[in-house]
Each structure stands twice: as structure tokens, then as C-alpha cells.
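Predicted model only: the values in this text are computed from it and were never measured.
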Amino acid sequence: MDEFEEIKPENLPIYKKGRKIYDTVKEIIALIPEDNEILQDIKMQMLSDAAMLTVKVAGAEGGDL
């Protein structure tokens with residue numbers, strides 16, 4: 001690969017691992033009962049945190065970090 005060729009975040013191993021974590025979290029939160037408000041809040045936090053992993057990696061790569 002040419003040193004000036006753009007690296008796509010989607011091809012980075014850490015980005016791929018983040019996607020796997022997100023997919024796993026989605027499977028876990030599907031098990032949370034809808035009638036438990038506390039667990040519903042935690043569910044949304046888990047999903048948000050898992051989604052941020054890949055966003056942060058893409059942002060860092062875009063900023064050449």
C-alpha cells in the first residue's frame with residue numbers, strides 16, 4: 001500500500017472489533033424485558049457506548065490520530 005493512500009477506518013482491526021462488540025451488545029439487550037424501566041435505561045446506555053466505539057475509531061483515523 002502506498003504511504004499516501006487513504007486508510008479506511010472500516011478496514012482497521014479495532015474498528016471491526018468494535019462492530020463485533022456492537023453486534024454482541026444488540027443480542028444481549030434483546031434479552032432485557034420491556035417492562036423493567038431501570039434495565040431499559042441501562043440497555044440504552046449499553047447500546048450507545050457500543051456504538052461510540054466505532055465512531056471514535058473512525059474519528060481518530062480521520063484526524064490522523
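- To the nearest 0.5 Å, atom CE of residue Met46 and atom CG of residue Asp41 are 13.0 Å apart.
- Contacts of Glu34 classified as salt bridge (charged side-chain N to carboxylate O under 4.0 Å, His left out), with partners at least two apart in sequence or in another chain: Lys43.
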inquiry  = Using side-chain contact (heavy atoms from CB on, under 4.5 Å), reason through Ile32 and Ile29 one step at a time and then give a plain yes or no.
reply    = CA-CA 5 Å; Ile32 295 175; Ile29 65 172; 4.2 Å; yes
query = Can you check side-chain contact (heavy atoms from CB on, under 4.5 Å) on Tyr15 and Leu53, steps first, answer last?
reply = CA-CA 8 Å; Tyr15 184 93; Leu53 287 172; over 6 Å; no
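- Ile21 and Ile42 fall within a single hydrophobic cluster, where Ile, Leu, Val, Met, Phe, Trp and Tyr side chains are chained together by heavy-atom contacts under 4.5 Å.
- At least one donor-acceptor pair under 3.5 Å links the side chain of Gln40 to the backbone N or O of Pro33.
- Under a cut-off of 6.0 angstrom, the local environment of CD1 in Ile38 is sparse, with at most 12 non-hydrogen atoms contributed by other residues, nucleotides or ligands.
- Using a 4.5 Å cut-off between side-chain heavy atoms of Ile, Leu, Val, Met, Phe, Trp and Tyr, with links allowed through other members, Ile28 and Leu47 fall into the same hydrophobic cluster.
- Under the 4.5 Å side-chain heavy-atom criterion for grouping Ile, Leu, Val, Met, Phe, Trp and Tyr, Tyr22 is not connected to Val55 through any hydrophobic cluster.
- Of the possible polar contacts, one joining the Thr24 side chain to the Lys20 backbone as a donor-acceptor pair under 3.5 Å is found.
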